[in-house]
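Scroll down for the structure; my scribbles are underneath it.
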Amino acid sequence: MDGIVIAFVASLAVAFAMAAGVAISRGRALDAIDSTLRDAERGAPKPAGPSNEDLRDRVGRLRRRAEVAELALEQRLRDLGYLADLVGVGIVRLTDDLEVEVANTAAHVFIGREPGSMVGRTAMEALGDHRIEAIARRARDEGAAVGEVAMRGDEGAAFVVRARRSPILGVWLVLEDVAELRRLQRIRAEFIDNLSHELRTPITTVGLLTETLARDAEAAGDAIPAKMRERIGKLEVETGNISQMVSELLDLARIESGGRQLHLDDVDLGALATESTDRLRPFAERQGVTLRVDVAPDLPAVRGEAVRLGQVFANLIHNAVKFSGQGTEVSVGVRLDGDQLAAWVADQGIGIAPADQGRIFERFFKADRTRSSGGGTGLGLAISRHIVEGHGGAIRVDSTEGQGSTFTFTIPIPVAATPPAVAATSRGIA
Ligand code: ADP
């Protein structure tokens, strides 16, 4: 339910308005001709050309056609009204002065008004919420606007409001009730939160026991058969994987349910990139991958939570090394990019197929399950995206299969922290 509905309804309405205009003006013209003919019959001199009888016939035929057209128009207008109610979204048309011209039943129900009571009122009066009015105003001025509005006083009521300026006059608003969707999302997040929480303690215990067992087996040397030592080693690795998955699930559930607030501080993103890279250097060395850091000098601080942003760097660097071959290089850096900082992690690894690039930030998505088995949970990028977006930034990937991938995330610089001199040199640093 989106722009298509607005465009569809708008085009129908424009077509009907034009048809109505034609039908009405045609009807008026016929009335005028008809009354002229009646005058002529009452004694006015006969005009040259077709007889009054012929003209009357023609007028009769035209009048019947106009009546059929009016009927068809009425039928279509009713269909339009029916369709508008059938789609289950609120549809409101405002004039350029933001006065309600048309509103379907669903719009009245969503806003909690008597059917028909919105027409003729200002958007503010009719919709009763300045945020919806602001979305309509923005659409009128800029062409389109969208926003989610949670209604106060009405537990859980929430709408996504999409607004578009009509191609001729006025603004169309579509209100979609997302209260149930948000409720289900909250329940799902709470369920995952509870489940992961319950699993965490026993898994930590199993992890510690396995670790001890592995150490004992190592110490026992040949007293324990090699096969058994190998199995204990595998047990340790898999327990580590489960433990990582549970803690990532818990993280994701908390972030998604909004239950985890960011503790904002001034963060030196460049220093964080260097620290995170250093922490993963031993892992990269084991994989035969070289790590390089490239941080621009004199970068302003950003507002953020260092631990969380460090987690994003760690996820990206870990992936970059994991999906790269021996002898390749991974570069990590931060630069100024207009009014934001852009951080990147670039590898020369296997790359990501174009069809998968749009999906890798979804939870549990793995581009190649066979290749990424043994370690990956498919949650790291979903968590990273949430963290970055929670800081007001964005994350994206550019990748070519067989050549490598570059993950870039941006974090806005607080307005007061952008000295003009630094901002002016941003292009040079890039
Ligand atoms: P995982 O734990 O599987 O690494 P992520 O959410 O971090 O989970 O990544 C999701 C998937 O995206 C990975 O399984 C992999 O298919 C793909 N991917 C992520 N980073 C890279 C990379 N640098 N190169 C190639 N593929 C990657």
Side-chain angles (χ1 to χ4, degrees), residues 189 192 196 199 203 207 237-256 273 276-277 279-281 283-294 307-334 342-391 393-410:
I192 296 175
S196 337
L199 285 173
I203 285 172
V237 170
E238 291 303 334
T239 315
N241 289 341
I242 297 175
S243 164
Q244 188 195 345
M245 185 182 296
V246 168
S247 92
E248 286 187 356
L249 264 176
L250 195 59
D251 253 5
L252 192 61
R254 296 211 167 141
I255 295 172
E256 283 188 347
S276 311
T277 310
R279 207 166 294 147
L280 280 152
R281 217 176 276 286
F283 169 61
E285 275 164 13
R286 280 202 302 276
Q287 307 290 315
V289 174
T290 311
L291 293 185
R292 193 164 64 86
V293 184
D294 180 10
V307 175
R308 293 280 145 183
L309 292 171
Q311 197 180 348
V312 177
F313 274 118
N315 279 341
L316 297 182
I317 301 169
H318 194 271
N319 278 347
V321 173
K322 190 166 74 174
F323 295 106
S324 291
Q326 280 207 346
T328 60
E329 187 181 272
V330 167
S331 81
V332 182
V334 185
W344 77 90
V345 175
D347 65 57
Q348 302 164 334
I350 61 171
I352 302 161
D356 293 334
Q357 288 177 21
R359 301 202 53 201
I360 51 169
F361 295 100
E362 291 171 16
R363 63 182 90 76
F364 291 116
F365 184 82
K366 294 184 190 180
D368 183 338
R369 296 196 162 262
T370 46
R371 236 185 323 199
S372 48
S373 68
T377 59
L379 291 171
L381 288 179
I383 293 174
S384 301
R385 178 171 64 90
H386 276 291
I387 295 176
V388 169
E389 288 177 358
H391 281 79
I395 186 165
R396 65 162 209 275
V397 63
D398 299 288
S399 182
T400 309
E401 262 185 301
Q403 290 185 23
S405 313
T406 300
F407 284 82
T408 309
F409 68 91
T410 55

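All of these numbers come straight from a predicted model, not from anything done at the bench. We number each residue from 1, following the sequence as shown. Note that ligands are numbered from 1 as they come in the structure, with each ligand's atoms numbered from 1 the same way.
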Between [X] and ligand 1, which part of the residue brings a heavy atom under 4.0 Å of the ligand: side chain, backbone, both or neither?
{"X": "Lys322", "value": "side chain"}
{"X": "Phe361", "value": "neither"}
{"X": "Ile352", "value": "side chain"}
{"X": "Asp347", "value": "side chain"}
{"X": "Ser405", "value": "side chain"}

Handout entry: Contact check, side chains of Ile242 and Met245, non-hydrogen atoms, under 4.5 Å
Key =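 Ile242 does not reach Met245 side chain to side chain.
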Problem - Nearest neighbour of atom 17 (C) of ligand 1 from the list Asn319, Ile360, Leu316, on a heavy-atom basis - result: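 Nearest heavy atom to atom 17 (C) of ligand 1 lies in Ile360.
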Exercise for the section: Take every heavy atom of Gly378, measure it against each atom of ligand 1, and state whether any distance is under 4.0 Å. Expected result: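 Yes.
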Practice task
Might you point out which heavy atoms bring Ser399 and Gly404 nearest each other, and give the distance in Å?
Solution key: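 Heavy atoms only, the tightest pair is OG-O, 3.1 Å.
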Problem - Where Phe283 and Val321 come nearest, the two heavy atoms and their spacing - result: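 Shortest heavy-atom separation between Phe283 and Val321 comes out as CE2-CG1, 3.6 Å.
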Exercise for the section: Answer yes or no: is there a donor N or O on one side and an acceptor on the other, between the side chain of Gln348 and the main chain of Glu329, under 3.5 Å? Expected result: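 Yes; at least one donor-acceptor contact below 3.5 Å.
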Practice task
Please work out which of the three classes, parallel, tilted or perpendicular, describes the rings of Phe407 and Phe361, given edges at 30° and 60°.
Solution key: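 Perpendicular: the ring planes of Phe361 and Phe407 meet at over 60°.
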